[in-house]
Visitor: 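Structure incoming, see below.
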Amino acid sequence: MKTAISILSPLTLLLLWEAAARLGFVDTRLLSSPSLILQAFFPLLLSGDLIYNTWISVLRVIWGFIAGAVPGILLGMSMGLSPLVRSAVEPMIAATYPIPKLAIMPLILLIFGLGETSKIFTIAIGVFYLVVINTMAGVLNIDKIYLEVAKNFGASRKDFYLTIALPGALPMIFAGLKLGMGMALILIVAAEMSAAKAGVGWMIWRAYDMFDIEQMFAALITLSVLGYIFSLVLDWMERLVLPWKQAS
């Protein structure tokens, strides 16, 4: 039943959009229609243009996501376990997190140039904040009795990280990873619009420049499909790592 609803709801929206376009309620010069977008989609797919640009964006997202998530998890666990680390780092996180990541893109471009590093760093910094905040919250929510028992049994710092902090914070870590992936897809478009010669974001900007509405929507739909696929992958990883959460 849930699967049927998940399929029917977007199909219903597309049918309403198509009907509104055919009846003249939607200006197809600005919003196009599903049928026109589909006609533009297949040539882009068959020519390899869409596949190539999508692959470029996927690589940038994956590398940026890893570059932001790994240090975010490590620092988040350190902040959750150590009041000293938390006192030293939390004010800087709180002060810099509200700064829009797009606002510092000119600075990123000045430092890293127009190459791949600037795009990966832009994604990484957006992912980092969401992961570090959620990881720290997950560690702080662990019942203190587990920390006391580990301390009484002489657990090492490594044991605190690997046997208490990481397993206990995993639900919140995955929440941060899912939020981070959404942020990564937002930032990759912005990064590719400003300094790229390939990628889905570049396709959107090129289509806008050429007033090719159908190509622009084809790229936007590709981006939404990518977001859905990445979400499914993270859900699968969560079920694999946290089977007890699904059973509860």
Visitor: Look at the side-chain heavy atoms of Ile, Leu, Val, Met, Phe, Trp and Tyr, link any pair under 4.5 Å apart, and say whether Ile204 and Leu45 land in one connected group.
Guide: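 Cluster IDs for Ile204 and Leu45 differ.
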Visitor: Could you check whether any side-chain N or O of Asn53 sits under 3.5 Å from a backbone N or O of Gly199, counting only pairs where one atom can act as donor and the other as acceptor?
Guide: yes
Visitor: Given side chains that start at C-beta, do those of Val61 and Leu185 come closer than 4.5 Å, heavy atoms only?
Guide: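 Counting from C-beta outward, Val61 and Leu185 do come under 4.5 Å.
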Visitor: In sequence, state the C-alpha distance, the side-chain angles, and the governing distance for Lys119 and Glu192, and then conclude on salt bridge (charged side-chain N to carboxylate O under 4.0 Å, His left out).
Guide: CA-CA 7 Å; Lys119 299 168 187 60; Glu192 289 177 344; over 6 Å; no
Visitor: Ring pair (Phe, Tyr, Trp, His ring centres under 6.0 Å) with Phe41: which residues, sequence neighbours excluded?
Guide: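 Per chain and number, Phe41 pairs via ring pair (Phe, Tyr, Trp, His ring centres under 6.0 Å) with no residue.
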Visitor: Quick check: do Phe112 and Leu107 have side-chain heavy atoms less than 4.5 Å from each other?
Guide: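 Counting from C-beta outward, Phe112 and Leu107 never come under 4.5 Å.
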Visitor: Do Phe65 and Leu177 come within less than 4.5 Å of each other through their side chains, counting heavy atoms only?
Guide: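 When only atoms from C-beta onward are counted, Leu177 and Phe65 do touch, with a gap below 4.5 Å.
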Visitor: Can you name the residues that form a side-chain hydrogen bond (donor to acceptor under 3.5 Å, both in side chains) with Thr122, not counting sequence neighbours?
Guide: none
Visitor: Suppose the criterion is ring-ring contact (aromatic ring centres under 6.0 Å, His included): which pairs have a residue in residues 67-104, not counting sequence neighbours?
Guide: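 Every ring-ring contact (aromatic ring centres under 6.0 Å, His included) pair that includes a residue of residues 67-104, provided the two are not neighbours, is Tyr97-Tyr129.
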Visitor: Grouping I, L, V, M, F, W and Y whenever their side-chain heavy atoms are under 4.5 Å apart, do Leu220 and Trp202 come out in a common cluster?
Guide: no
Visitor: Keeping Thr54 on the side-chain end and Leu50 on the backbone end, is there a donor-acceptor pair under 3.5 Å?
Guide: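 Looks like yes, one N/O pair under 3.5 Å.
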Visitor: Does a salt bridge link Asp235 with Lys178, judged by any charged N lying under 4.0 Å from a carboxylate O?
Guide: yes
Visitor: Measure the shortest side-chain to side-chain distance between Trp205 and Asp209 over non-hydrogen atoms and say whether it is less than 4.5 angstrom.
Guide: yes
Visitor: Going by heavy atoms in the side chains, are Met105 and Ser118 under 4.5 Å from each other?
Guide: no
Visitor: State plainly whether one hydrophobic cluster holds both Val233 and Ile173, where clusters connect Ile, Leu, Val, Met, Phe, Trp and Tyr through side-chain heavy atoms under 4.5 angstrom apart.
Guide: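 Yes: a chain of side-chain contacts under 4.5 Å links Val233 to Ile173.
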